[in-house]
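Each remark here refers to the structure printed beneath this line.
Just so it is clear: chains get the letters A, B, ... in the order the sequence lines come, proteins before strands, and each one is counted from 1. Please read all numbers here as calculations on a predicted model, not as lab measurements.
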Amino acid sequence: MSLLSASLLDWYDRHARVMPWRTGPQARRDGTRPDPYRVWLSEVMLQQTTVAAVRDYFARFTTLWPTVADLAAAEDGAVMAEWAGLGYYARARNLLKCARAVVADHGGAFPDTREGLLSLPGIGPYTASAIAAIAFDRAETVVDGNVERVMARLHDVHRPLPAAKRELTALAAALTPAARPGDYAQAVMDLGATICTPRSPACGICPWRAPCAARAAGTAPELPKKTPKKAKPTRHGIVYLARTPSGGWLLERRPDKGLLGGTLGWPGTGWADLAEPLPDPEPPLDADWRQVPAEALHTFTHFHLRLTIMVAEVPDVSGTPPARIPPGDRAVVPRDLFRPSDLPTLMRKAFDLAQGAFDNV
DNA sequence: AATTCGGGGTT
DNA sequence: AACCCAGAATT
């Protein structure tokens with residue numbers, strides 16, 4: 001093991017705060033291994049998502065579905081409902097595909113190699129390495145945003161991302177030790193998350209202070225370089241919230257592909273750029289629609305959205321459980337089966353504004 | 001290589 | 001506002 005790797009593992013042993021879903025160095029010495037199901041679930045949830053945002057979702061998922069077999073047997077709509085608010089909903093769809101593939105094709109046990117894991121839905125280069133290293137003690141190299149930043153600074157790499165990805169991966173691989181690869185992987189990421197932060201890195205207390213090239217050059221705070229991103233345009237559309245006298249709501253499940261794919265929401269128009277012709281208002285049914293005097297404002301990865309909200313009272317019809325609404329379809333969900341927490345954040349914003357409008361009538 | 005995927009916290 | 005986040009899939 002290199003001196004660099006050893007010094008980082010030493011730092012990790014002294015400073016690591018063990019994540020709730022992991023066993024730490026102490027547990028490893030007891031001979032226990034992390035549950036691959038929990039490692040997988042946490043790593044998928046943590047893709048582009050902060051630990052604070054994930055914590056409650058992870059607890060809920062593992063309570064509802066303690067094993068991969070339990071999750072594989074779950075209803076699609078139930079999983080989408082529990083994922084609501086966490087974002088990147090393709091992760092939830094792939095989560096189910098992956099769980100069902102593990103049960104159907106691997107006897108209910110996750111593959112224990114990087115290559116085997118890579119073949120599963122929703123598991124890419126990072127997650128495959130993370131599971132292999134953390135759950136199965138394989139000497140694989142994890143490269144996430146933290147590791148990219150740490151390597152760019154340690155070696156003073158000025159080539160911008162994503163072009164520098166291959167170079168940074170090679171630099172990280174050269175440091176990965178054969179011993180304790182899972183702890184080492186978490187150590188590099190912890191270093192990036194707590195000391196080698198994007199801005200104002202705490203170089204003074206960094207275990208790699210001495211060997212860090214960017215620290216010596218004074219370039220640490222400006223690394224890694226990144227190619228500039230495009231500005232976000234603003235789009236807008238209309239949603240229609242229909243409520244029945246008994247308190248039911250007309251909901252639809254979006255098609256599985258595209259933005260918010262597979263999630264529950266309100267019927268509405270498409271979303272057009274402000275410079276383009278507005279989408280034709282097409283209410284889902286004939287009613288006395290009233291406009292709510294407030295818009296739902298939301299920002300996605302690559303555009304801003306302003307949603308006009310229309311509300312109306314419509315006659316009662318027999319209801320449908322939300323999880324039973326198939327993709328592309330719509331139905332009235334009875335009052336006692338409707339949970340606003342089942343909605344993605346945009347649709348919940350619209351609901352909250354409409355709710356206020358109904359209350360004021 | 002570039003784009004499409006959420007949402008919230010930090011600066 | 002811009003940037004960031006234990007990225008993956010698609011084009």
Could you check which of [options] has an atom nearest any side-chain atom of [X]?
X: Lys230(A); options: dT3(B), dA9(C), dG6(B); value: dT3(B)
X: Lys226(A); options: dC5(C), dT10(B), dA8(C); value: dC5(C)
X: Leu260(A); options: dC3(C), dG6(B), dA9(C); value: dG6(B)
X: Arg348(A); options: dG7(B), dC5(B), dG8(B); value: dG8(B)
X: Leu259(A); options: dG6(B), dC4(C), dA6(C); value: dG6(B)
X: Gln47(A); options: dG7(C), dC4(C), dG7(B); value: dG7(C)

Is any side-chain N or O of [X] under 3.5 Å from a base N or O of [N], one able to act as donor and the other as acceptor?
X: Thr301(A); N: dG6(B); answer: yes
X: Thr49(A); N: dG6(B); answer: yes
X: Tyr126(A); N: dG7(C); answer: no

Euclidean distance, atom [atom1] of residue [X] to atom [atom2] of [N] [Å, nearest integer]:
X: Ile131(A); N: dA8(C); atom1: CD1; atom2: P; answer: 10 Å
X: Lys257(A); N: dT4(B); atom1: NZ; atom2: C1'; answer: 14 Å
X: Arg199(A); N: dA1(C); atom1: CZ; atom2: C1'; answer: 11 Å
X: Leu86(A); N: dC5(B); atom1: CG; atom2: P; answer: 18 Å
X: Tyr57(A); N: dA6(C); atom1: OH; atom2: C1'; answer: 18 Å

So what does [X] hit on the nucleic acid, given a heavy-atom distance under 4.0 Å: a base, only sugar-phosphate, or nothing?
X: Thr197(A); value: nothing
X: Gly85(A); value: sugar-phosphate
X: Tyr88(A); value: base

Between Pro181(A) and Ala139(A), what is the shortest heavy-atom contact and its length?
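Smallest heavy-atom distance, with atoms named: CB-CA, 3.6 Å.
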Closer than 4.0 Å, any side-chain N/O of His298(A) to the OP1 or OP2 of dG7(B)?
yes
Residue met sooner reading DNA chain C from 5', once Ile123(A) and Thr50(A) are mapped to nucleotides:
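So the residue in question is Thr50(A).
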Start at the 5' end of DNA chain C and walk down; is the nucleotide closest to Leu118(A) or to Pro224(A) reached first?
Pro224(A)
State plainly whether the residues [X] and [Y] are in salt-bridge range, i.e. N to O under 4.0 Å.
X: Asp56(A); Y: Arg60(A); result: no
X: Glu82(A); Y: Arg339(A); result: yes
X: Asp329(A); Y: Arg253(A); result: no

State, with a plain yes or no, whether a side-chain heavy atom of Leu307(A) is found less than 4.5 Å away from one of Glu295(A).
no
